[in-house]
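Proteins get letters first, then strands, A, B, ... in listed order; numbering begins at 1 in each.
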Amino acid sequence: MPLRLYNTMSAKVEEFRPLQDNEVRMYSCGPTVYDYGHIGNFRTFVAVDILRRFLRQSGYEVRHVENITDVDDKIIRNSAREGVSVKQYTAKYEKAFLEDSATLNIEQPVLVRATDHIQEMANFIAELEKKGFAYRAEDGSYYFRIAKFPAYGKLSKKDFAGMEDGARVDVDEYEKDNARDFALWKAPKPGEASWDSPIGRGRPGWHIECSVMSMLELGESFDLHAGGEDLIFPHHENEIAQSEALTGKPFAHFWFHARFLLVEGEKMSKSAGNFFTIRDLVLKGHKPSSIRLLLASVPYRNQLNFTFDGLKQAASNVDKLRNFQLRLTTSQFSPGSSPEMQQLANESAARMKAALEDDLNTAQAQAAIFEMVRKANVAIDAGQIKHDDARSLLDALEKFDEIFAVLKDDDTLKMQSILQWAKEQGRESDISADLKEIVGAQTISDDEVQKKIGEIEAARAARDFKRSDAIRAELNAAGIMVEITKDGVRWRRK
RNA sequence: GGCGCGGUACCCAAGUGGUAAGGGAGAGGUCUGCAAAACCUUUAUACGUCGGUUCGAUUCCGACCCGCGCCUCCA
């Protein structure tokens, strides 16, 4: 079965087929680097990450390009306020974005920056003007002439036919022919960052960068374009207008949009006090893996209610999966395999694949893996799992993790660096006791823990439970959970 | 106002024209020196409300209530 994806353009779920052979060329709208990214931003980025990971798992070569918007009104305003250059200002937040993405195990796409492509944008606009799709205003700004592009509105399903020219023209925009015409190029204002170009001095409008950079990297027509649902209009609509006006060819074939999330049942906003960056959550003691799983577990087109209770639930889910993995890798199994367990592993992997092929139904994919975990645990308890079965089940689990990416326990390491960052930022008061406790575990090395485990085993062999428990308590205080099983003593970081 | 999405148990959350996945939490239990992990049992007489279509609807249609999104730069 091929992947079926919802295409905003057709407003239907369609079979996804790349334009060229086995290669998927996709472009996603990345961040405007004017502040730290919040969980809403990262819901979209995680959704795109899951898409690209699943495409790859499905056997496609994925060429994924993402833009970083490093010049816009907010950036110009904020950098001026701080008295630093646009470049200095954006560098800080771009770095933060990359770190946060890595924190959430988001694979890095090919990144392209707006300010690296100013000349190409100017050329693009000059071409549009030649073809009559763009015009220059008196102040040197350029606008796109929507009246020349009848298909305008096809993505957002808006009908502009009845729009009266200049009906409600903003006083600041008196130079436009039509109020709906959007800026391609903005004439410089005193004190604002601007660039020299063949079409004069100024800076690019917001939409032009994506048209230019996507075509530069992926060609005039490519497979898929992604972003948050808010970008459908005007951003993506405008990209289509510019791009297709220039080339006369279809721009992106699939339009993928992730839905906004709610926080504690309400729209996230700074004024509501429910606005969180990734770093805010980590400082409160939440693990990156919990955050990622929560963001990933609700299908991307559904409204996700992000709650602290949900975060705890996600943490339990991650633990369950990691415990299962630990159990399979540390227990002793007799050689051979059993048909029942082979079938369980195969069926679970197949169910997971089918769920993801169904417009990336991550909730069902998760259900499939949890069902496998429960059934396999039952079999382990009953001693019905053989060596090769364990291998097959682990393979299925790894297939799951190729998409969800939550098994590897490097949470404490990531949290430690965010704690360090908070100290540098003078945000000590935001560092929770929970975070300190979790990060504390990292100060004990695996070797040291292993040594202590040896001591516990020795004490237990001598049935000296008092001594054994004392060492366990000591490790526990350092964030190490010791577990006694019939196959020996094992441990994990809390 | 226009266009669109959703309302499922204590919580999160799938899903289907034929009577409700999965996870968390709670309660009880099995196992265990203890703990943890794991497992078992249990928690929706009907899936926002009211009508309609149908042999039958949570699933289709209509109305209403509530939440959310877009309608020029917010992922």
Presence of A/Asn41 side-chain N/O under 4.0 Å of B/A75 phosphate oxygens OP1/OP2: yes

Length of the line joining A/Met352:CE and B/G22:P, which is rounded to integer Å: 18 Å

Whether A/Asn274 side chain and A/Lys267 backbone form a donor-acceptor pair below 3.5 Å: yes

Length of the CG-P vector between A/Asp487 and B/C31, whole Å: 19 Å

Result of checking A/Phe42, A/Phe306, A/Tyr36, A/Phe308 against A/Phe276 for ring pair (Phe, Tyr, Trp, His ring centres under 6.0 Å): A/Phe308

Atom pair distance, as rounded to whole Å: NZ in A/Lys158 and C1' in B/G2: 8 Å

If you look only at distance, which donor and acceptor atoms sit under 3.5 Å apart when one is on a side chain in residues 454-464 of chain A and the other is two or more places apart or in another chain?
from     : atom 1 : to       : atom 2 : distance (Å)
A/Glu455 : OE1    : A/Arg467 : NH2    : 3.2
A/Asp464 : OD1    : A/Arg467 : N      : 3.2

Shortest side-chain distance from A/Asp469, nucleotide among B/C74, B/U72, B/C34: B/C34

Toward the 5' end of RNA chain B, by each residue's nearest nucleotide, A/Arg490 or A/Ala367: A/Ala367

Paired nucleotide for B/U59 [Watson-Crick or G-U wobble; both distances under 3.5 Å]: none

Sugar-phosphate only, base, or nothing, as touched by A/Leu326 at under 4.0 Å among non-hydrogen atoms: nothing

Pairing residues for A/Lys157 by the side chain to side chain donor-acceptor pair (under 3.5 Å) criterion, not counting sequence neighbours: none

Contact letters for nucleotides 6-14 of chain B, in which S counts primed atoms plus P, OP1 and OP2 and B counts the base, heavy atoms under 4.0 Å: -----BSSS

Length of the CG-C1' vector between A/Asn323 and B/C39, whole Å: 14 Å

Closest non-hydrogen atom pair between A/Tyr27 and A/Glu209, with its separation: OH-O, 4.3 Å

Distance test, side-chain N/O of A/Asn377 to OP1/OP2 of B/C39, below 4.0 Å: yes

N/O donor-acceptor pair, side chain A/Arg460 with base B/G33, under 3.5 angstrom: yes

Side chain A/Arg472 and base B/A35 donor-acceptor under 3.5 Å: yes

Per-pair stack call A/Phe465 and B/G33, 5.5 Å, 30°: yes

Contact under 4.0 Å: A/Lys267 side-chain N or O vs B/G69 OP1/OP2: yes

Side-chain N,O (A/Lys375) to OP1/OP2 (B/G22) below 4.0 Å: no

N or O in side chain of A/Lys176 less than 4.0 angstrom from B/U72 OP1/OP2: no

Sugar-phosphate, base or nothing in reach of A/Arg492, heavy atoms under 4.0 Å: sugar-phosphate

Sugar-phosphate only, base, or nothing, as touched by A/Lys186 at under 4.0 Å among non-hydrogen atoms: base

Side-chain donor/acceptor contact of A/Asp230 with base of B/G69 under 3.5 Å: no

Exam field: side chain A/Asn67 to backbone A/Gly30, donor-acceptor pair closer than 3.5 Å: yes

Touch class at under 4.0 angstrom, heavy-atom based, for A/Glu483 against every strand present: base

Interatomic distance where CZ belongs to A/Arg493 and C1' belongs to B/A36 [whole Å]: 17 Å

